[in-house]
Amino acid sequence: MAGTSLALNAILNLLQTNRGLIPASFAASGAASGLAMSLGADAVDQGLEPRDVRRGTIYGLAVAAPIAAGVAAGLALGATRGLYTGGRMANADRAQAAYEVFLRIPLGTALPE
């Protein structure tokens, strides 16, 4: 199953444009979940029960907090600030940055993983 997830993620990130990435990610996630169900995994096994949302959200925030703190510390230190100036976000406006942080990364990248 992990190989299927990796393959779907690679295909999505290599073949999809930004415009189609999020819908394709939802489709790939649904396909992976359907495959898991066809192999005997139910919604509880996949953490897809409504009662799992709160626990998953808390867990996700607990994992994200130290990462965000590390990034903030790296930006605050003059010696490491230059490491953050490359890539697609270096020249992004606020709308593009918001899209990347709140939509593309969680729904276009993390969701299908």
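Predicted model, so just to flag it, every value in this text is computed and none were measured.
- Of all heavy-atom pairs spanning S25 and G108, the tightest one is OG-O, 3.0 Å.
- Side-chain contact check for Y99 versus I22: some heavy-atom pair is nearer than 4.5 Å.
- When every heavy atom of T80 is checked against every heavy atom of G74, the shortest pair comes out as OG1-O, 2.6 Å.
- Listed here is the closest heavy atom pair of L21 and R104: CD2-CG, 3.6 Å.
- When hydrophobic clusters are built by joining Ile, Leu, Val, Met, Phe, Trp and Tyr residues whose side-chain heavy atoms come closer than 4.5 Å, directly or via intermediates, V53 is not grouped with Y59.
- In this structure, S38 contributes its side chain and L35 its backbone to a donor-acceptor pair below 3.5 Å.
- Rounding to the nearest 0.5 Å gives a distance of 10.0 Å between OG of S29 and CG of L48.
- With rounding to the nearest 0.5 angstrom, the CG atom of L77 is 10.5 Å from the CG atom of L83.
- Of all the heavy atoms in Q46 and A41, the pair that sits closest is NE2-O, 3.6 Å.
- Looking only at side-chain heavy atoms (C-beta outward), V44 and R51 come within less than 4.5 Å of each other.
- Scanning both residues, P106 and V101, for their nearest heavy atoms gives CD-O, 3.3 Å.
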